[in-house]
Number of protein chains: 2
Amino acid sequence: MSLRIVLADDHQMFRHALRALLAREPAFEVVAEAASGEEVLAIAAAQPVDLVCMDIAMPGMNGIEATRRLLAENPGIRVIGLSAFADRQFVLDLLDAGARGYITKAEAGDELLRAIRTVREGRIYLCPDVAATVTGALLDRGSLYAATPRLTERERQVLQLIAEGLTSAQIGDRLHIAASTVDVHRRNLMRKLDLHNIAELTRYAIARGISPATRPADGGAAG
Amino acid sequence: MSLRIVLADDHQMFRHALRALLAREPAFEVVAEAASGEEVLAIAAAQPVDLVCMDIAMPGMNGIEATRRLLAENPGIRVIGLSAFADRQFVLDLLDAGARGYITKAEAGDELLRAIRTVREGRIYLCPDVAATVTGALLDRGSLYAATPRLTERERQVLQLIAEGLTSAQIGDRLHIAASTVDVHRRNLMRKLDLHNIAELTRYAIARGISPATRPADGGAAG
DNA sequence: TTTCGCCTACCGTGAAACCGGTAGGGCAGC
DNA sequence: GCTGCCCTACCGGTTTCACGGTAGGCGAAA
């Protein structure tokens, strides 16, 4: 029987292209596609799934949280993380969430096929550049578990608005809280994430899928 | 004779997947792949090319500048912009550079095939969501040409370092100029791009490929 | 030569960010 | 009850940003 695969990525074109790529392997069958973490959970609840190719940066629930919840309800499903970034923290978080593989989009398409075959057999697969950044962290015990800065819902909201370019006062208006409270959330965010200014917070939010790189209704960035 | 296509995107996996998608159409032949604007120019100089699927955000020379230079040397080549973002300014810039099509990665894979067929016949193709954001701008005359904020090399450098989270003083040290000079560059950047804070500059830099969403040697964003 | 754009550098002001502490209320768990 | 976490809010301080103007040096173009 063929391997029932779900593709999770917020870019439909990438999903379709990946589907074409995976179609080369008769043993693989893409049974569904998801554009967000919520959709992955819904699909897994509705039909049998063997393996999920999970993008990290997705709007709404991101790939890490989605993996955590997916495996809590469906321990048998294999998850392979698929991200544009080889960020060490992402890899650690995703492995901590229970994923069995992690490859970056900078790799060749064959890499994905190889990862799926490896993970299907119960082994763990990390592509070379990811493996290089992680090995050090895996060696020192504890870091894998210590490094999981869970954000609260409020912090996530504040982070998103910071990344959109709003000031503390504007964020306060939007969320109906005082600007001073927004400052506290920003400070806690920076402490939790070990980031030290708005540029880094913005990059983090974008890479994590908490904020898109450009606003959907962006009139234009130039004049 | 089949249509000679070049795929330009900094993600090898996306290129390979797209190649698999385009292989369904016998009339299309992907003759080369490029990971940057420079590579596109080199390929076009070395072999005959009919059409380029050009990603906007690429490290080094981005898709807009690459399109401009490519068409300056090879007026016969058709270019289709392929971006994750439907940012109005990107579309206008790319069309101004001479591209004949623009589709977002949020669209279906079939959309790309349709775009290629349309552009091959000499027509212009914009996917629905892009068309919606652009029509208004195309109606008021002049905006298409007025809206082309070319950045100087120095401004690009400063923008990149701002997006990486450095302060003016740190940027000044890095570039061996005074912090006050960095301030001027930042001010000119914001005026040219109609952006008003560091978060927006950071988003712009990432979307434009001037700065990656995560630092290559990023040890980890959490502690 | 003059003009223009770019890079360089400084002046100033007000707003916002950045960093620390304190503290009350709500709510869940031991 | 006590503890711990979260959200809320304010106090203080220094640094950086955001925005304005002015201005000299330099190289390319008209």
Which nucleotides of nucleotides 19-27 of chain C have their base under 4.0 Å from a protein heavy atom (B), which only their sugar-phosphate (S), and which neither (-), written as one string 5' to 3'? BBB------

Could B/K105 and B/D9 be called an ion pair, given the rule that one side-chain N must be under 4.0 Å from one carboxylate O? yes

For residues B/H185 and B/R154, report the shortest heavy-atom separation together with the two atoms involved. NE2-CG, 3.6 Å

For a quick check under 3.5 Å, do A/R203 and B/S211 share a side-chain donor-acceptor pair by atom type? yes

Work out which heavy atom in B/A8 is nearest to a heavy atom in B/M58; give both atom names and the distance. C-SD, 4.1 Å

Listing time: all N or O pairs from protein to nucleotides 4-7 of chain C that are below 3.5 Å?
residue : atom : partner : partner atom : Å
C/dC7   : OP1  : B/T152  : OG1          : 2.9
C/dC7   : OP1  : B/R154  : N            : 3.3
C/dC7   : OP2  : B/T152  : OG1          : 2.7

Donor-acceptor pair, distance only, cut-off 3.5 Å: does the side chain of B/N74 make one with the backbone of B/I77? no

Check the phosphate of C/dA17 against A/S168, side-chain N and O only, distance under 4.0 Å to OP1 or OP2. Yes or no? yes

Could you state the atom-to-atom distance from CD1 of A/I198 to C1' of D/dC17 in whole Å? 10 Å

Basic-acidic side-chain contact under 4.0 Å: A/R68, A/D93: no

Between A/S168 and A/R186, is any side-chain donor less than 3.5 angstrom from a side-chain acceptor? yes

Mind checking if B/S180 touches a base, just sugar-phosphate, or nothing, with heavy atoms under 4.0 Å? base

Between atom CG in B/N188 and atom P in D/dC19, what is the gap in whole Å? 12 Å

Which heavy atom of A/A35 sits nearest a heavy atom of A/R15, and at what distance? CB-NH1, 3.7 Å

Take the protein atom CG of A/L151 and the nucleotide atom C1' of D/dC5, then report the distance between them rounded to whole Å. 15 Å

May I have the distance from B/I171 (atom CD1) to C/dA9 (atom P), rounded to whole angstrom? 14 Å

